[in-house]
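Order of appearance sets the numbers: ligands from 1, and atoms from 1 within every ligand.
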Amino acid sequence: MRTQVVIIGAGPSGLLLSQLLHLKGIDTLVLERQSRNYVLSRIRAGVLEQGMVDLLKTAQVGERLEREALIHGGIELAFNGQRRQIDMKSLTGGSVVTVYGQTEVTRDLMDARDAMNGHLIYEAEDVVPHDFDGGRPRVTYRKDGVEREVFCDYIAGCDGYHGISRRSVPQETLKTFERVYPFGWLGLLSDTPPVNDELIYSNHERGFALCTMRSLTRSRYYIQCATDEKPEDWSDDRFWDELRKRLPGDVAEALVTGPSIEKSIAPLRSFVAEPMRFGRLFLAGDAAHIVPPTGAKGLNLAASDIFFLSRALTAFYETGSEELIDCYSEQCLRRIWKAQRFSWWMTSILHRFPDSSPYDLRLQQAELDYVTTSTAAATALAENYVGLPYE
Ligand code: FAS
Ligand code: PHB
């Protein structure tokens with residue numbers, strides 16, 4: 001079998017790339033090791049940058065998003081029992097915060113791919129990229145017990161942090177950068193009305209907490225937890241009690257609790273793999289980088305990678321030029337490292353670190369006071385949160 005681009009992974013990166021290339025008349029095959037429902041069952045990101053919203057509209061999957069997404073003018077930072085709003089819309093000349101769950105983005109992309117007879121194979125086993133450093137790249141996999149092989153022009157490794165693609169490149173050609181944080185996020189999803197119109201990021205002596213949402217009837221909450229915690233050790237009541245303790249009094253008072261429909265723990269790490277291109281194999285999204293979710297950048301960085309990659313591959317097939325392919329990695333990494341910095345900074349000012357000295361804690365308070373009282377500082381936070389330009 002032969003196609004133009006094989007895409008490994010049917011998460012947001014792989015599905016968005018497949019959709020954008022299809023609209024340019026480029027054939028793709030998406031190979032996903034899990035089932036469709038398993039991919040949709042993952043509860044992850046909730047906030048989209050304006051650039052991602054625009055890209056989803058370009059991909060012709062923005063219709064339900066436009067109908068159902070919540071549009072916020074800013075976020076709130078809570079610390080020392082007070083709440084201060086960062087008015088992003090006015091600070092950035094109009095950019096807003098779009099709240100629309102990653103699950104819905106994935107569902108919209110899957111439905112669009114199906115409607116356009118996209119070539120997606122779920123539950124593909126043992127997917128392996130081969131010969132991407134030469135002129136005849138191919139991918140092997142097993143489906144229903146039958147070994148298969150696909151020849152292609154290019155391979156897009158959109159298979160996430162634990163995927164096969166990054167592990168398939170010669171490790172001596174790969175440089176990785178990592179920072180592992182000494183805590184995780186315990187997340188709870190509930191069919192309860194959000195406690196506040198906008199997101200609330202809370203710095204508290206007991207630990208970080210985040211109040212976010214998926215709609216006006218479905219809320220998402222996170223509390224910082226130790227890395228060895230297990231979701232099953234957290235009853236709903238225990239979670240709600242701890243969350244209330246980490247929120248300003250008026251917010252805790254207004255909190256509407258209810259049964260959890262999902263509870264999970266995400267470890268926090270910063271990670272970058274360089275470069276993101278190896279001959280005819282590209283890495284995109286979580287396959288190449290991970291950020292702590294504090295800055296709401298993970299999914300959004302995947303989108304900007306796919307913007308650059310789809311543009312580069314389209315230019316190649318339309319004109320034969322490999323210029324954008326040659327600068328794909330450098331272009332992505334410039335934006336990735338700025339998002340890495342912002343995500344690390346947001347994590348450092350909002351969480352309690354076990355080895356924080358009293359001096360460190362005073363610095364955190366000063367940083368929060370500065371960023372919520374200085375227009376220059378608030379603007380810097382705002383322009384990073386709503387998303388830096390795709391350039
Ligand atoms: P994904 O990991 O989403 O998709 C990769 C796909 O490849 C998966 O479907 C996987 O099954 C498949 N795959 C893996 N190995 C394969 C193989 N060998 N063969 C075939 N297929 C293979 N971001 C935020 O902005 N905010 C958040 O709150 C947030 N919370 C998160 C919580 C968790 C637990 C995790 C893990 C991530 C979170 N993220 C968050 C980041 C997340 O949203 C990612 O950035 C986003 O899923 C990236 O999308 P992809 O690059 O498509 O990778
Ligand atoms: C979410 O809604 O899941 C969410 C929002 C903002 C973040 C992280 C997660 O920074």
Student: Which heavy-atom pair separates His204 from Lys245 by the least distance, and what is that distance?
Tutor: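 Of all heavy-atom pairs spanning His204 and Lys245, the closest is NE2-O, 3.0 Å.
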Student: After noting the C-alpha distance and the side-chain angles of His289 and Phe271, does the key distance pass the ring pair (Phe, Tyr, Trp, His ring centres under 6.0 Å) rule?
Tutor: CA-CA 5 Å; His289 44 75; Phe271 174 83; 9.0 Å; no
Student: Heavy atom under 4.0 Å from ligand 1: found in Lys297's side chain, backbone, both, or neither?
Tutor: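 Backbone only; the side chain of Lys297 stays clear of ligand 1.
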Student: Where the closest heavy atom to atom 6 (C) of ligand 2 is concerned, which of Tyr222, Tyr201, Tyr221 has it?
Tutor: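 Looking at heavy atoms only, the winner is Tyr201.
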Student: Could you tell me the residue and atom name of the protein heavy atom closest to atom 3 (O) of ligand 1, and the distance to it rounded to 0.1 Å?
Tutor: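 In this structure, atom 3 (O) of ligand 1 has Arg44 NH1, 2.8 Å as its nearest protein heavy atom.
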Student: Using the ring-ring contact (aromatic ring centres under 6.0 Å, His included) definition, which of the options Trp240, Phe239, Trp185 pairs with Tyr221?
Tutor: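 When ring-ring contact (aromatic ring centres under 6.0 Å, His included) is applied between Tyr221 and each of Trp240, Phe239, Trp185, only Trp240 qualifies.
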Student: Under 3.5 Å between some N or O of ligand 2 and some N or O of Arg220?
Tutor: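 N/O-N/O distance below 3.5 Å does not exist for this pair.
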Student: Check each heavy atom of Ser264 against ligand 1 and say whether those closer than 4.0 Å belong to the side chain, the backbone, both or neither.
Tutor: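 The answer is neither; Ser264 stays 4.0 Å or more away.
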Student: Name the closest protein heavy atom to atom 12 (C) of ligand 1, giving the residue it belongs to and the distance to 0.1 Å.
Tutor: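 The closest one turns out to be Glu32 OE1, 3.2 Å.
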Student: Mind checking whether Ile8 contacts ligand 1 via backbone (N, CA, C, O), side chain (CB onward), both or neither, at a 4.0 Å heavy-atom cut-off?
Tutor: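 Contact part for Ile8 vs ligand 1: side chain (C-beta onward).
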Student: Applying a heavy-atom cut-off of 4.0 Å, say which part of Tyr222 lies close to ligand 1: side chain, backbone, both or neither.
Tutor: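 Just the side chain.
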Student: In ligand 2, which numbered atoms sit nearer than 4.0 Å to a non-hydrogen atom of Gly46?
Tutor: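 So the answer, numbered in order with elements, is 1 (C), 2 (O), 3 (O).
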Student: With a 4.5 Å cut-off on side-chain heavy-atom distances among I, L, V, M, F, W and Y, is there a chain of contacts connecting Ile200 to Leu70?
Tutor: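 Unlinked, Ile200 and Leu70 end up in two clusters.
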